[in-house]
Amino acid sequence: MKNELVGISHLFYARGWSLATSSNFSARLDPGHILITASGKDKGSLKDADLVEIDLMAGLTSSDSQIKPSAETYLHAELYRQDPEIGAVLHTHSVYGTILSEKFAPYGRFEFSGYEMLKALRGVLTHEHTEIIPIFPNNQDMTALSKIVLATLAESREMHSFLIDRHGLYTWGRDIGEAKRHIEALEFLFECECRKAYNMDSERKR
Ligand SMILES: [Zn+2]
């Protein structure tokens, strides 16, 4: 499992989704424990030793107390606690996700429909699906942010992800592979939407 998270970290860094020590990645070890990236680590050179074990009930249980878990660990832990089916949570800070989150923050959500790529999301069988991605205001207080996220999640079990305004994307899956697929599909869709909007703006200016 450490290998898989380290591999994802290097891959997402290379794709430009996790630059400058941003992003964090976690996976469930057993019903009560997760592994999560340590705080402030460069995701392009992440190592096995940069992953910290967390007890979902009691907090940090790493044997090495010198390693601090990610600042956003609380939000990850709350997602695992709320939904026992979640096996992995991945969080990226991409350019396109950031642009889109700012543009649509006033509406509190963004919707995709008609894209074949939507079928990469768990349970989606047709491009005719409408995927809603809530957008929450950013907050350095993880307890406050988690409260808003969990309340929205409790209302819609169909949700696959959410964006935080000018911050980044959170998605999850039953395992690391599914969560990775979700990140790749969503980042693809964010890029499509941003490029489309940019092209339309350029057309208008001509
Ligand atoms: Zn973040």
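Residues: numbered from 1 along the sequence shown. Values in this document were obtained by computation on a predicted structure and should not be read as measured data. Counting starts at 1 for both ligands and their atoms, in listed order.
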Option passing salt bridge (charged side-chain N to carboxylate O under 4.0 Å, His left out) with Glu85 (candidates Arg174, Arg28, Arg122): Arg122
More than 12 heavy atoms of other groups within 6.0 Å of Gln140 CD: no
Sub-2.8 Å protein N, O or S atoms surrounding the Zn ion (ligand 1): Glu72 OE2, His91 NE2, His93 NE2, His167 NE2
Step-by-step side chain to side chain donor-acceptor pair (under 3.5 Å) determination, Ser161 to Thr171: CA-CA 4 Å; Ser161 68; Thr171 187; 5.1 Å; no
Student check: side-chain heavy atoms of His33 and Ile54 closer than 4.5 Å: no
Partners passing ring pair (Phe, Tyr, Trp, His ring centres under 6.0 Å) against Tyr170 (at least two apart in sequence or in another chain): His76, His91, Phe162
Any donor-acceptor N or O pair under 3.5 Å, side chains Glu72, His167: yes
